[in-house]
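Following: one structure in structure tokens, then a few remarks.
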Amino acid sequence: MTRQTLSGWGRTNPSLATVMNPANETDVAELLASTRGVIARGLGRSYGDPAQVSGGVVVDNRALGGISEISHDGVVSVGAGVSIDELLAMSIPQGWFVPVTPGTRQVTMGGAFAADVHGKNHHVDGSFAAHVRSLRIVTPTGTYDVSPERDADLFWASAGGMGLTGIITSLTLQMMPIETDQVLVDTERFANLEGVMQEMLSRDKDYRYSVAWVDCMTKGAHMGRAILTRGRHARASDLDEPTLKAPASPKLFIPFDAPSGLLNVASVRVFNEVWFRSAPKRQEREPQSLSSFFHPLDGVRDWNRLYGRRGFVQYQFCVDDAHANTVVEAISRLSSSGVASFLAVLKRFGAANPGPLSFPVPGWTLALDLPVGPRALPRVLDDLDSMVLEAGGRIYFAKDARLGPEKVRAMYPRLDEFLAVKHRVDPEGRLTSDLARRLNLEGS
Ligand SMILES: Cc1cc2nc3c(=O)[nH]c(=O)nc-3n(C[C@H](O)[C@H](O)[C@H](O)COP(=O)(O)OP(=O)(O)OC[C@H]3O[C@@H](n4cnc5c(N)ncnc54)[C@H](O)[C@@H]3O)c2cc1C
């Protein structure tokens with residue numbers, strides 16, 4: 001096991017965390033037995049503070065590696081520190097794809113399970129945990145093999161539990177068969193939000209994958225104009241020369257931080273106009289590689305530098321179908337706010353799973369990237385919180401950096417169920433994170 005100290009914070013800063021790299025389960029168990037204030041970390045692709053703990057110990061999961069052979073029916077055992085990228089490099093050439101992927105493949109198995117990540121297929125396939133058959137988890141009270149059949153409470157509390165129930169060391173995943181490395185994509189432009197939401201409501205069920213890019217800068221009759229892309233995996237018979245190639249490494253990169261303020265209302269308006277106009281009005285069955293359909297941002301290393309040193313806030317909420325109007329109100333609030341929204345993504349969610357802290361509920365989800373800078377931003381975010389709360393919706397922990405505990409209790413009404421499981425496996429509260437402290441997810 002190696003130890004290092006998170007750099008860049010100054011030696012005497014009490015908020016320094018120590019980073020440990022345990023290579024096996026015994027090391028993880030010893031660490032949890034001897035330390036308070038511990039949290040696991042994967043590739044750090046969460047946008048807020050769930051994978052850090054000021055003054056505590058961050059367990060880097062990347063040394064928890066290993067990928068088994070993929071069985072004839074697509075079952076694979078994977079170390080918690082293996083990334084989706086690494087798994088796909090091995091699995092695509094054998095005709096298997098991950099059943100759920102977020103918008104980047106640079107996330108680990110541990111991080112994907114702990115956040116219970118969703119993809120463009122939630123309305124059909126649910127979230128990541130639905131495809132995990134079992135996992136091995138080290139907690140302060142012991143090491144367990146859990147599954148929906150064996151200790152379902154611990155399994156589901158850990159799905160979306162943001163690492164607070166224990167440190168996952170490996171999991172067994174049911175992969176999805178594919179015949180090619182291409183997706184057949186239908187693209188359609190919509191002049192306003194109402195049009196795209198109606199279309200998604202009525203026809204998303206005919207597609208495995210669906211996502212809409214929404215322009216949050218337009219007002220009036222064109223408010224929320226959108227580009228809807230929907231697809232399914234191409235079969236071998238759909239293509240002249242079917243291939244099964246692993247994703248390529250990024251060729252482009254952003255070499256330095258862009259000046260802060262580059263992404264402002266005016267520049268984002270121009271970008272959105274060009275983006276909208278460059279999409280086809282309607283196009284069917286366009287073959288796209290798995291990488292460009294699922295992980296476009298992975299094609300540009302350090303893309304986040306485009307936001308400059310001040311960075312950006314991610315904000316993602318979901319509401320049920322009865323409160324679809326909250327999506328309309330949120331986009332209307334943004335379009336009149338003077339706050340630029342760069343990448344706004346609208347998706348449908350299908351059935352929720354039993355996880356008490358798992359984010360998706362059936363209905364709509366909207367994810368926003370908001371460059372930091374405008375004075376109105378904090379007010380706008382507070383207004384969005386109020387709208388989401390009023391609609392009985394919730395915000396995604398993996399993308400949050402600013403909520404408070406009262407709002408979380410209202411958004412996640414099954415929080416006490418989660419805390420009861422956490423208390424069972426971690427009675428002394430050894431597992432915690434800056435997110436857990438901020439949102440009072442520690443149970444004390
Ligand atoms: C460009 C981009 C696009 C994204 N798109 C989506 C999307 O479409 N859908 C979506 O759902 N999310 C999306 N995300 C968020 C991302 O998928 C999640 O935040 C994911 O949890 C990150 O995984 P990670 O390995 O980087 O984990 P980290 O960010 O390092 O950690 C996330 C959480 O997992 C816990 N954790 C990590 N490893 C373990 C372990 N071994 N045992 C227990 N807990 C552990 C940590 O404690 C922490 O609470 C996106 C992020 C980016 C940067």
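Nothing fancy with the numbering, it's 1 onward along the sequence. The structure presented is a predicted model; accordingly, all values stated were derived computationally and were not measured.
V146 pairs in a side-chain contact (heavy atoms from CB on, under 4.5 Å) with only one of the listed residues (L135, V132, I168), which is L135. No option in D369, V313, V372, L370 other than D369 meets the side-chain contact (heavy atoms from CB on, under 4.5 Å) test with Y307.
Side-chain contact between L201 and R348: present, with at least one pair of heavy atoms (C-beta onward) separated by less than 4.5 Å.
Side-chain N or O atoms of N325 include none that pairs as donor or acceptor with a backbone N or O of V328 at under 3.5 Å. Of the possible donor and acceptor atoms, none in the side chain of R438 sits under 3.5 Å from a partner among the backbone N and O of A436.
A distance below 6.0 Å separates the ring centres of F294 and F97. Less than 6.0 angstrom separates the ring centroid of F397 from the ring centroid of Y412.
Not counting sequence neighbours, H123 has no partner by the ring pair (Phe, Tyr, Trp, His ring centres under 6.0 Å) test. Looking at residues two or more places apart in sequence or on another chain, you find no side-chain hydrogen bond (donor to acceptor under 3.5 Å, both in side chains) involving E241. Remark: E86 engages R62, V82, S83 in a side-chain contact (heavy atoms from CB on, under 4.5 Å) (not counting sequence neighbours). Looking at residues two or more places apart in sequence or on another chain, you find no salt bridge (charged side-chain N to carboxylate O under 4.0 Å, His left out) involving R379.
Using a 4.0 Å cut-off between a side-chain N of Lys or Arg and a carboxylate O of Asp or Glu, R230 and D206 do not qualify as a salt bridge. Salt bridge absent: D186 and R232 never bring a charged side-chain N and a carboxylate O closer than 4.0 Å. K245 and D181 are not joined by a salt bridge, as no carboxylate oxygen comes within less than 4.0 angstrom of a charged side-chain nitrogen.
Between H118 and Y396, the angle of the ring planes lies from 30° to 60°, which puts this pair in the tilted group.
The neighbour count for Q94 CD, taken as heavy atoms of other residues, nucleotides or ligands under 6.0 Å away, is above 12. Other residues, nucleotides and ligands place no more than 12 heavy atoms under 6.0 Å from the NZ atom of K219. Open room surrounds CD on E194; 12 or fewer heavy atoms of other groups in view lie less than 6.0 Å from it. Atom NE2 of H131 has more than 12 heavy atoms from other residues, nucleotides or ligands within 6.0 Å.
Using modelled atom types and a 3.5 Å distance limit, the side chains of S292 and S289 yield a donor-acceptor pair. At a cut-off of 3.5 Å, with distance as the only test, no side-chain donor of D125 or Y209 sits close to an acceptor on the other residue. A side-chain donor from one of R133 and Q174 sits under 3.5 Å from a side-chain acceptor of the other.
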Let me check something: any side-chain donor-acceptor pairs from residues 153-164 under 3.5 Å, sequence neighbours excluded? List them with distances.
unit_1	atom_1	unit_2	atom_2	d
S158	OG	L154	O	2.7
S158	OG	T165	OG1	2.8

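A distance of 11.5 Å separates SG in C216 from CZ in R269, rounded to the nearest 0.5 Å.
Closest approach of L171 to M109, counting heavy atoms only: CD2-O, 3.9 Å. Taking every heavy atom of both residues into account, V100 and G126 meet most closely at CG2-O, 3.5 Å. The minimum heavy-atom distance between V361 and F349, with the atom names listed, is O-CB, 3.2 Å. For the pair I39 and P50, the tightest heavy-atom approach, listed with the atom from each and the gap, is CG1-O, 3.5 Å. Here the closest heavy-atom approach between residue F359 and residue F317 is recorded as CZ-C, 3.7 Å. The two residues M411 and V388 make their nearest non-hydrogen contact at CE-CG1, 4.3 Å.
Identified under the ring pair (Phe, Tyr, Trp, His ring centres under 6.0 Å) test for residues 157-197, with sequence neighbours left out: none.
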Checklist entry - R225 and E273: salt bridge (Lys or Arg N to Asp or Glu O under 4.0 Å), yes or no, with the steps? => result CA-CA 10 Å; R225 65 182 174 176; E273 183 65 31; 2.9 Å; yes
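Relative to the ring axis of F276, R189 places its NZ or CZ within 45° and under 6.0 Å from the centre.
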